[in-house]
Amino acid sequence: MVGPSDSEDRRPGSVAAVGEEPTAIGRTWTGVLFRGAGGRPAVLLELVLLLLWFLVFTRLDAAAGRDLAAANAHALTLQSMEHAVHLDVERSVNGWLAGNAVLAQSAVYLYRLYYAVVVGVLLWVLVRHAEVYRKVRRTMVAMTVLVLPVYWAVPMSPPRSALPGAVDIVARYDILGQAGRDSWTHPSHYTAMPSLHVGWSLWCAYAVWSALRGTRPRLALLSWLFPLLMAADVLATANHYVLDIVGSVALLAASIVAASLWGLVRTRGRPRESVHNGFDRPTGHGS
């Protein structure tokens with residue numbers, strides 16, 4: 001005998017429903033990758049656009065700060081300013097790190113590999129915290145736009161080449177080998193002000209704090225330890241001055257303001273009833 005359940009399983013509608021399940025899953029992933037879903041932009045398109053933007057940024061960055069005479073003059077001026085307010089601690093912390101080989105090598109690893117943290121935070125926010133992604137992505141893009149005019153207008157030699165007696169820690173323990181050491185000790189441009197190592201670390205902390213402050217506030221506050229560690233790293237390795245770090249804080253603050261204004265302009269220029277799945281779809285946080 002054929003029971004009711006057997007009859008229901010054999011109905012054309014039931015077979016079609018089972019057959020459509022993989023197709024629906026495929027459409028979902030296609031939407032996430034190419035059209036966006038869950039309040040986030042299309043992942044694949046977003047990553048391609050960001051990669052292209054950073055390629056353009058690196059080219060422009062490499063073309064800035066090529067005036068060595070101006071870079072050395074600006075470095076001397078900065079040293080005088082720090083000395084006047086008793087902030088010239090670079091030589092002392094650099095000498096301390098140079099005398100500790102284990103910590104010095106660890107500092108070089110952090111200095112060279114911190115980009116992995118930046119990329120990881122960006123992907124984590126994109127995948128797990130779509131509600132704040134556009135805000136922090138706009139802040140990141142704003143940082144690259146705002147820092148380039150500074151690099152062009154105020155080239156700056158780092159302490160490792162402009163401060164007498166400074167030890168170039170990265171050159172001594174460079175994890176990239178001889179090729180990296182050669183390019184490091186003979187730079188083609190001088191862009192120490194502000195420090196983007198500290199700037200990107202600040203951005204990471206800001207992104208994590210924005211994502212977690214509502215649900216895990218203590219963990220969100222801990223994220224700010226990363227830029228503090230990076231600030232100590234760039235000072236002790238003689239790659240940046242104290243005022244370079246101050247400049248990085250100012251860069252992040254200006255970028256947050258610029259990103260907020262950008263978001264307001266995009267929101268006001270969009271009809272309220274429209275629904276977007278593209279690069280700048282509004283989120284619940286108004287980013």
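FYI, side chains are in, hydrogens and waters are out, and symmetry mates aren't considered; it's all heavy atoms of this structure. A quick note: this is a predicted structure, and the numbers were derived from the prediction, not measured.
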Approximate separation, where rounding is to 0.5 Å, of Asp174 CG and Ile169 CD1: 12.0 Å
Separation between CG of Leu251 and CD1 of Ile256, rounded to the nearest 0.5 Å: 10.0 Å
Qualifying residues under side-chain contact (heavy atoms from CB on, under 4.5 Å), relative to Val249, sequence neighbours excluded: Leu202
For Asn72, side-chain hydrogen bond (donor to acceptor under 3.5 Å, both in side chains) partners two or more places apart: Ser157
Euclidean distance, Trp200 CH2 relative to Met140 CE, rounded to 0.5 Å: 5.0 Å
Short side-chain donor-acceptor distance under 3.5 Å, Trp203 and Thr139: no
Tyr109, OH atom: more than 12 neighbouring heavy atoms under 6.0 Å: no
Contacts of type ring pair (Phe, Tyr, Trp, His ring centres under 6.0 Å), residue Trp124, not counting sequence neighbours: His129
Trace of the side-chain contact (heavy atoms from CB on, under 4.5 Å) decision for Phe57 with Val147: CA-CA 10 Å; Phe57 169 73; Val147 79; 3.8 Å; yes
Qualifying residues under side-chain contact (heavy atoms from CB on, under 4.5 Å), relative to Leu225, sequence neighbours excluded: Leu222, Leu228
Any donor-acceptor pair under 3.5 Å from Glu82 side chain to Leu243 backbone: yes
Residue pairs fulfilling side-chain hydrogen bond (donor to acceptor under 3.5 Å, both in side chains) with at least one residue in residues 222-238, sequence neighbours excluded: Thr237-Asn239
Side chains of Pro159 and Gln79 in contact at under 4.5 Å (non-hydrogen atoms): no
Gap between atom CG of Leu122 and atom CG of Leu50 - 0.5 Å precision: 6.0 Å
From CA spacing to verdict: side-chain contact (heavy atoms from CB on, under 4.5 Å), His197, Tyr115: CA-CA 9 Å; His197 272 73; Tyr115 293 104; 3.9 Å; yes
Sub-4.5 Å side-chain heavy-atom contact between Arg172 and Val108: no
Which residues share a side-chain contact (heavy atoms from CB on, under 4.5 Å) with Ala101, sequence neighbours left out: Gln105, Tyr173
Non-hydrogen side-chain atoms of Trp262 and Val141 separated by less than 4.5 Å: yes
From OG1 (Thr191) to CG (Asp61), nearest 0.5 Å: 5.0 Å
Note, Val89 side chain near Tyr241 side chain (heavy atom, < 4.5 Å): no
Give every donor-acceptor pair under 3.5 Å between a side-chain atom in residues 93-100 and any protein atom, sequence neighbours left out.
from, atom 1, to, atom 2, distance (Å)
Asn94, OD1, Val167, N, 2.7
Asn94, ND2, Val167, O, 2.9
Asn94, ND2, Ala236, O, 2.9
Asn100, OD1, Val102, N, 3.4
Asn100, OD1, Leu103, N, 3.2

Set of residues satisfying ring pair (Phe, Tyr, Trp, His ring centres under 6.0 Å) with respect to Phe226, sequence neighbours excluded: none
Residues in side-chain hydrogen bond (donor to acceptor under 3.5 Å, both in side chains) contact with Asp88, at least two apart in sequence or another chain: His83
Approximate separation, where rounding is to 0.5 Å, of Leu196 CG and Tyr114 OH: 6.5 Å
Test side-chain contact (heavy atoms from CB on, under 4.5 Å) applied to Leu123 - qualifying residues, sequence neighbours left out: Leu47, Val119
Under 3.5 Å donor-acceptor, Tyr151 side chain and Pro194 backbone: yes
Whether Arg66 side chain and Ala62 backbone form a donor-acceptor pair below 3.5 Å: yes
Non-neighbouring partners of His240 that pass side-chain hydrogen bond (donor to acceptor under 3.5 Å, both in side chains), sequence neighbours left out: Ser195, Asp244
Any donor-acceptor pair under 3.5 Å from His189 side chain to Ala63 backbone: no
Validation row: Leu49, Leu51 side chains within 4.5 angstrom (heavy atoms): no
